[in-house]
Amino acid sequence: MNEKLQKLKQEVLDNLAIIKDFYVLKDYEVRIMGRKGELAEILKDLPSLPEEEKKSVGKLANDIKVELTAKFEELKNALSKKKSEGFFDATLPGEKISRGHLHPITIIQNDLEDFFTSLGFMVLDGPELESDYFNFEALNIPKHHPARDMQDTFYIDMKNQAGEYDMVMRTHTSPVQVRAMQKYGAPLKSIMPGKCFRSEATDVRHEHTFYQLEGLMIGEDINLSNMTGILEATAKHLYGKETKVRLRPKFFPFVEPGVNGEVTCFICRGQGCKLCKNTGWLEIFGAGMTHPNVLRSGGIDPEKYQGFAFGFGLDRLVMIKYGIEDIRLFNSGDLRFLNQF
Ligand SMILES: [Zn+2]
């Protein structure tokens, strides 16, 4: 009888190791431990044993019963927990999925794209990895020209078809001007928004990756007042109807003449405040009449056509609009910052 009991115990322990279902386990428990179960079946003849044997077999049977009962309980607890985890209550409210939203720079880019499209401008795109030719030479910035020092450039370790290292991460959106002229010719009205790169030491005002939106208008008899008109309309669109524009001379190699564009501060309306550093003016764009050499690069005859170009730093527009003091927040991926928009 001892042997039978030991054999049953081992068999039950082996089976418990592979049972994974709560209800299968409960059935099995009844089959072994129940009043008419296998354990009871073995012990059926216990009363007929001699007194000494009865004692020792009875003790063994009790030990096994206690041990197996504990094992069954343990496994039942584990499986019933699993069972409740798998339970699905269709009446509970659903889990709320949080939706993302556009980045503040994308919001202002979309807004300006809509505005310029309404004025008849095309929206064009260009490669971010550019050739030295389109990024500099075609824009009247020849090799060894001092103007190249104004832009700290990422030069890329990649040869062109002629075997020269001439690829750069574009330092401005202006290469798209030349690409657009070559593709569409004159007359032409387009804007080119996009990402630009400079090898800057980053601080609150400088970032290695930033966004520009550039515009180009070419036609016969295009002059400085056309440019001023477009820039004034843009400033009013951005900062309200009373906004005034002031142009001051500035050198850019791809325009002649070139200007820095300022608008009246939209906080103090020209009275002077912290945002405009008490000047009453905010510098927001660069512009100028397209240089004849740039028109030639684009395959356009400067004797017949004139044009103007302008460019905004989209990061700067957003910083001014929301009072953001650190440009590095835009690319930080920090949700505490981004969730505010
Ligand atoms: Zn102000």
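Each ligand, and each atom within it, is numbered from 1 in the order the structure gives. Quick caveat, the model's predicted, so the values are computed rather than measured.
Around the Zn ion (ligand 1), the protein contributes the following N, O or S atoms at distances under 2.8 Å: Cys265 SG, Cys268 SG, Cys273 SG, Cys276 SG.
Applying the ring pair (Phe, Tyr, Trp, His ring centres under 6.0 Å) definition to pairs two or more places apart or across chains, those involving residues 233-289 are Phe115-His237, His172-Phe254, Tyr239-Phe266, Phe285-Phe312. Residue pairs satisfying the salt bridge (charged side-chain N to carboxylate O under 4.0 Å, His left out) criterion with at least one member in residues 315-327, sequence neighbours excluded, are listed as follows: Lys274-Glu325, Asp326-Arg328.
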Between side-chain atoms of residues 129-138 and protein atoms elsewhere (two or more places apart, or another chain), which donor-acceptor pairs fall under 3.5 Å?
| unit_1 | atom_1 | unit_2 | atom_2 | d |
| --- | --- | --- | --- | --- |
| Glu130 | OE1 | Arg179 | NH2 | 3.0 |
| Glu130 | OE2 | Arg179 | NE | 2.6 |
| Glu130 | OE2 | Arg179 | NH2 | 3.3 |
| Ser131 | OG | Phe134 | N | 3.3 |
| Asp132 | OD1 | Arg148 | NH2 | 3.0 |
| Asp132 | OD2 | Arg148 | NH1 | 3.0 |
| Asn135 | OD1 | Thr171 | N | 3.0 |
| Asn135 | ND2 | Thr171 | OG1 | 3.0 |
| Glu137 | OE2 | Lys143 | NZ | 3.1 |

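Between the side chains of Thr290 and Gln306, no donor N or O sits under 3.5 Å from an acceptor N or O.
Ion pairing of Asp334 with Arg336 is present here, as a side-chain N (NZ or NE/NH1/NH2) and a carboxylate O approach within less than 4.0 Å.
For the pair Lys195 and Tyr211, the cation-pi criterion (under 6.0 Å, within 45° of the ring axis) is not fulfilled.
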